[in-house]
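Worksheet for the structure shown next.
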Amino acid sequence: MTNSYKMNDNFLWGGAIAAHQAEGAWDKDGKGVSIADVLTAGAHQKPREITDGVIEGLNYPNHHGIYFYDTYKEDLALMKEMGFNSFRTSIAWTRIFPNGDETVPNEAGLKFYDDLFDEMIKNGIEPVVTLHHFEMPYHLVSEYGGWTNRKLIDFFEHYVRVVFERYKDKVKYWITFNEISNQANQAEPSWVSDFLIWTNSGLKFSKDATVEQRMEAMFQAGHNELVASARAVIIAKEINPEMKVGAMLNVAPMYPATPSPADMLALQKAKQLRDWFSDVHVRGFYPNELEKLFQRTGWHSDTTEQDFIDLKNGTVDYLSISYYASSTIKATEGKKPSLDDPTSISTAENKFIKTSDWGWSIDPDGLRYTLNELNDAYPNLPIMIVENGLGANDELIEENGEITIHDDYRIDYLRSHIKAVEQAVAIDGIPVIGYLSWGPIDIVSAGTGEMKKRYGYIYVDLDDLGQGSNKRYKKDSFDWYKKVIASNGEQL
Ligand code: BGP
């Protein structure tokens, strides 16, 4: 039995980045401060700090990224050399509306993305564009309190209308909110849950905020974002019905720690707590268990009749997903698993799965499993994988006068995950329309702000302080992926 399959002719192969992790030029040509611009550098076990504004003298890695704002032509030429027919990036909202609440857009920002998309199209590369990828205007936090404020729905709608009008003939695939469900579990206040709800919604809690307060804020912000996403779908159809607008979720499969009924119930609650986002995006209404939860708790109360009409009319055209890892769920000792008390759900180790140097599980079978689960939940909805990859500390070496990087561990990781995708397509019949790996060129890590957590087929000579030649070097995986694409997935 073969273990690789040819994908269909219009399958999208490529890679993905985000503006705030690559562009740099954080304050150039009228760009405003984003919530990513106030994240200091961290490390594997050292949280990034969210500062009040930009503080002189601190290290903000997103300020320089990999200078993509200036090097994009050179970088896209390398993507073309690998045979990419698609490339995902985000529009930095603050290049278009520096503060987010203006009415007149910043022409220099619009022009940059015109040039960027033109360069992609010139290279035969289909743009896949994220509207909100952890980089909302900082002013919408400091002035309006972030996404719990309904005003942000209107600001987002205005931003979306402007960019859809501007790029309606250049961009077909759009994505609204990157990994919108990251923020779902606010049970365990920690730097992780703080980071996730900051990057999703621009929310920052005081140290004495209760779990109930955090959960109420999360549900309110999530509702406003889902309404904003639905309005974007509706607007897209008005402007150019050919445009496809997708949701974007980080879909780690969840396994029970044991087959005990308590752990199975905890698993079900954990999935319900996360998957209500995709349910609303795809079906256009809230699942029953959440309606009941809101009746009991009064959480997420600031809604209008029109919201639910918009949600119904603004369901997404496809699902885009990131896939990095899986998680294992158990019932918290002495607690009955319940959505009302998310501390009743805990995570556990999984001795069957290896992890990366940054502690992320390596589970290719979980990707095939997840694709089947998504198709069961949302039958025949097209799925685009827009993030998958291995963060590793690659070593630059000189061999026979050549600079090279031997990243066979990355080739192994990607080969096993692409195989899982191909089996899901060829054997399970899942409608996967594309595979775009994360960070095809090394960029700044979101979680740690490091450069040394590298994902790319292309090495960028910058260190965690942003020092280095900024030169690009091909890793061994560059030619490997080029062959994968040239064979449309057959040659792994
Ligand atoms: C996802 C984000 C990406 C990217 C990726 C890798 O959560 O959508 O922006 O950063 O994770 O994570 P990291 O960069 O922390 O290794």
Side-chain angles (χ1 to χ4, degrees), residues 14-23 34-37 39-48 50 60-62 65-66 68 87-93 128-136 175-185 191-201 225 246-252 274 277-278 319-327 355-362 367 370 384-394 407 409-410 413-414 417 436-456 460 462 464:
I17 63 170
H20 71 287
Q21 293 172 258
E23 289 178 3
S34 82
I35 59 169
D37 292 323
L39 285 171
T40 64
H44 178 28
Q45 301 288 13
K46 174 176 170 276
R48 303 187 73 175
I50 304 169
Y60 295 102
N62 301 81
I66 59 166
F68 184 74
F87 183 71
R88 175 192 176 216
T89 188
S90 59
I91 291 175
W93 187 346
V128 178
V129 179
T130 312
L131 292 158
H132 190 284
H133 193 140
F134 302 164
E135 52 207 356
M136 66 186 274
I175 291 168
T176 51
F177 289 83
N178 184 70
E179 294 192 335
I180 191 171
S181 56
N182 282 357
Q183 60 196 321
N185 193 336
W191 84 269
V192 174
S193 48
D194 289 347
F195 175 77
L196 295 177
I197 203 155
W198 174 256
T199 49
N200 275 150
S201 299
E225 289 151 18
M248 199 299 201
L249 295 119
N250 176 348
V251 280
R274 177 193 69 179
F277 283 95
S278 51
L319 208 49
S320 69
I321 65 168
S322 57
Y323 181 85
Y324 291 100
S326 47
S327 66
T355 56
S356 75
D357 294 344
W358 272 263
W360 290 17
S361 64
I362 297 175
L367 177 48
T370 290
M384 192 191 298
I385 294 158
V386 295
E387 295 187 24
N388 174 240
L390 176 71
N393 189 5
D394 303 330
D407 59 339
Y409 41 83
R410 175 168 297 107
Y413 177 99
L414 292 166
H417 285 77
L436 287 73
S437 64
W438 178 253
I441 182 168
D442 293 346
I443 51 180
V444 170
S445 155
T448 67
E450 295 169 304
M451 271 304 295
K452 78 175 181 199
K453 189 179 184 188
R454 299 173 184 278
Y455 284 87
V460 175
L462 285 174
D464 291 345

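Numbering of ligands and ligand atoms starts at 1, following listing order.
- Two residues are said to be in side-chain contact when any heavy atoms from C-beta on lie closer than 4.5 Å; Phe195 and Asn182 fail this criterion.
- Ligand 1 is surrounded by Gln21, His133, Phe134, Asn178, Glu179, Tyr324, Trp360, Glu387, Trp438, Ser445, Ala446, Gly447, Lys453, Tyr455, each with at least one heavy atom closer than 4.0 Å.
- Below 30°, between 30° and 60°, or above 60°: for Tyr324 and Trp360 the angle between ring planes is above 60°, a perpendicular geometry.
- Residues Ser322 and Asn250 come closest through the heavy atom pair OG-CA, 3.1 Å.
- By the side chain to side chain donor-acceptor pair (under 3.5 Å) test, Ser201 is found to be paired with Gln183, Glu225, residues two or more places apart in sequence or in another chain being considered.
- Between Asp394 and Arg410, at least one side-chain nitrogen of the basic residue sits less than 4.0 Å from a carboxylate oxygen of the acidic one, meeting the salt-bridge criterion.
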Would Glu450 and Trp358 satisfy side chain to side chain donor-acceptor pair (under 3.5 Å), going step by step from the backbone distance to the final call?
CA-CA 11 Å; Glu450 295 169 304; Trp358 272 263; 2.9 Å; yes

